[in-house]
Amino acid sequence: MTAGLVLHEGGARDIAEIMTVMHDAFCAAFGEAWTSAQCLGVLDLPRVWVTIARIDDQPAGFALSRTVVDEAELLLLAVRPAFRCRGVGTALVHRTMAVAVASGARKLHLEVREGNFAHKMYNGIGFDEVGRRPGYYRGNDGKIFDALSLSVRLSPGPAGNNPT
């Protein structure tokens with residue numbers, strides 16, 4: 001894990017920090033970033049949580065997730081460019097997996113734009129492609145990208161994927 005990396009559970013009180021990361025992390029060409037109102041609306045729902053990553057007291061990233069019955073979904077993962085390739089995204093995904101397992105989830109799902117560099121990280125963690133939405137994303141330049149649906153099976157304890 002990256003030296004100085006601290007993960008903590010956040011909430012609506014952290015919206016300014018979440019939006020700082022969101023603004024820096026998401027490429028405006030794809031329109032994937034959420035607004036603060038969208039984030040606050042989701043954070044107000046039951047079984048939704050956000051994990052904040054900080055390095056040396058600087059906001060580095062966040063993961064916004066939810067659990068429904070026995071499945072969890074990683075809704076947003078964002079890491080500021082200055083902190084990429086330092087294990088922040090992987091740490092956030094592992095924390096999401098641990099929280100999901102603790103809440104009774106058996107599977108974690110996410111969706112990623114085809115061509116997003118985070119796809120390689122998700123594969124390395126054990127996510128498999130389970131679906132595809134053709135032409136789901138459209139860049140500002142008109143280029144079309146598929147959305148890839150990925151999932152990983154979660155199981156507590158040393159016999160399975162132990163995300164902790």
Side-chain angles (χ1 to χ4, degrees), residues 5-84 86 88-105 107-119 121-122 125 127 130-152 154:
L5 176 63
V6 175
L7 301 178
H8 69 88
E9 300 313 312
R13 68 189 176 281
D14 301 300
I15 194 64
E17 191 167 294
I18 290 167
M19 295 312 297
T20 295
V21 172
M22 183 99 62
H23 178 266
D24 288 351
F26 285 94
C27 178
F30 299 104
E32 298 165 323
W34 290 17
T35 66
S36 59
Q38 287 171 312
C39 290
L40 289 169
V42 170
L43 282 167
D44 197 36
L45 298 173
R47 300 185 71 166
V48 170
W49 72 97
V50 63
T51 303
I52 308 288
R54 297 179 67 74
I55 295 179
D56 299 329
D57 208 33
Q58 294 294 312
F62 72 88
L64 178 64
S65 309
R66 70 177 169 182
T67 303
V68 178
V69 189
D70 66 346
E71 295 190 338
E73 183 178 14
L74 179 56
L75 299 168
L76 284 173
L77 177 76
V79 177
R80 294 172 82 184
F83 298 102
R84 290 185 182 153
R86 294 174 60 183
V88 175
T90 300
L92 285 165
V93 173
H94 283 288
R95 172 66 70 90
T96 297
M97 293 168 76
V99 172
V101 165
S103 70
K107 194 175 269 193
L108 175 63
H109 303 279
L110 63 87
E111 187 173 274
V112 64
R113 176 182 33 82
E114 186 173 42
N116 185 320
F117 65 89
H119 190 196
M121 175 192 65
Y122 296 131
I125 292 170
F127 283 83
V130 295
R132 179 180 289 261
R133 293 180 181 173
Y136 187 79
Y137 293 103
R138 177 182 304 270
N140 291 342
D141 62 0
K143 190 171 180 184
I144 305 281
F145 298 88
D146 291 353
L148 306 176
S149 297
L150 309 177
S151 71
V152 65
L154 304 173

Side chain to side chain donor-acceptor pair (under 3.5 Å) partners of S103, counting only residues at least two apart: T67
- request: For the residue pair L64 and V42, establish whether any side-chain heavy-atom pair is separated by less than 4.5 Å.
  value: yes
field: Residue pair M121 / V79, side-chain heavy-atom distance below 4.5 Å
entry: no
Without placing hydrogens or testing angles, list every side-chain donor-acceptor pair under 3.5 Å for residues 17-30, not counting sequence neighbours.
unit_1, atom_1, unit_2, atom_2, d
E17, OE1, R54, NH1, 2.5
E17, OE2, R54, NH1, 3.0
T20, OG1, A16, O, 3.0
D24, OD2, R80, NE, 2.8
D24, OD2, R80, NH2, 2.8

Quick one: list whatever passes side-chain contact (heavy atoms from CB on, under 4.5 Å) with [X], sequence neighbours left out.
X	result
L40	A12, I15
A102	none
E111	R133, Y136, Y137, A147, S149

If you compare all heavy atoms of [X] against all heavy atoms of [Y], which two are closest, and at what distance to 0.1 Å?
X	Y	answer
V93	L74	CG2-CD2, 4.2 Å
A53	L7	CB-CD2, 3.5 Å
L77	A63	CD1-CB, 3.9 Å
A78	L92	O-CD1, 4.3 Å

Rounded to the nearest 0.5 Å, what separates atom [atom1] in [X] from atom [atom2] in [Y]?
X	Y	atom1	atom2	value
E114	I144	CD	CD1	12.0 Å
Q38	L76	CD	CG	9.0 Å
F83	Q58	CZ	CD	5.5 Å
D14	I52	CG	CD1	4.5 Å

task: Could you note down all residue pairs passing side chain to side chain donor-acceptor pair (under 3.5 Å) where residues 139-148 supplies at least one of them, sequence neighbours left out?
output: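 Side chain to side chain donor-acceptor pair (under 3.5 Å) check on residues 139-148 returns R132-D146.
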Residues which pass salt bridge (charged side-chain N to carboxylate O under 4.0 Å, His left out) with E9, listed by chain and number, not counting sequence neighbours: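 Per chain and number, E9 pairs via salt bridge (charged side-chain N to carboxylate O under 4.0 Å, His left out) with R95.
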- request: Name all pairs fulfilling the salt bridge (Lys or Arg N to Asp or Glu O under 4.0 Å) condition that reach into residues 30-48, sequence neighbours left out, sorted by first residue then second.
  value: E32-R113
task: Hey, could you give me each pair passing salt bridge (Lys or Arg N to Asp or Glu O under 4.0 Å) that has a residue in residues 67-77? Not counting sequence neighbours.
output: R66-E73
- line: Contacts of F127 meeting ring pair (Phe, Tyr, Trp, His ring centres under 6.0 Å) (sequence neighbours excluded), chain-then-number -> Y122
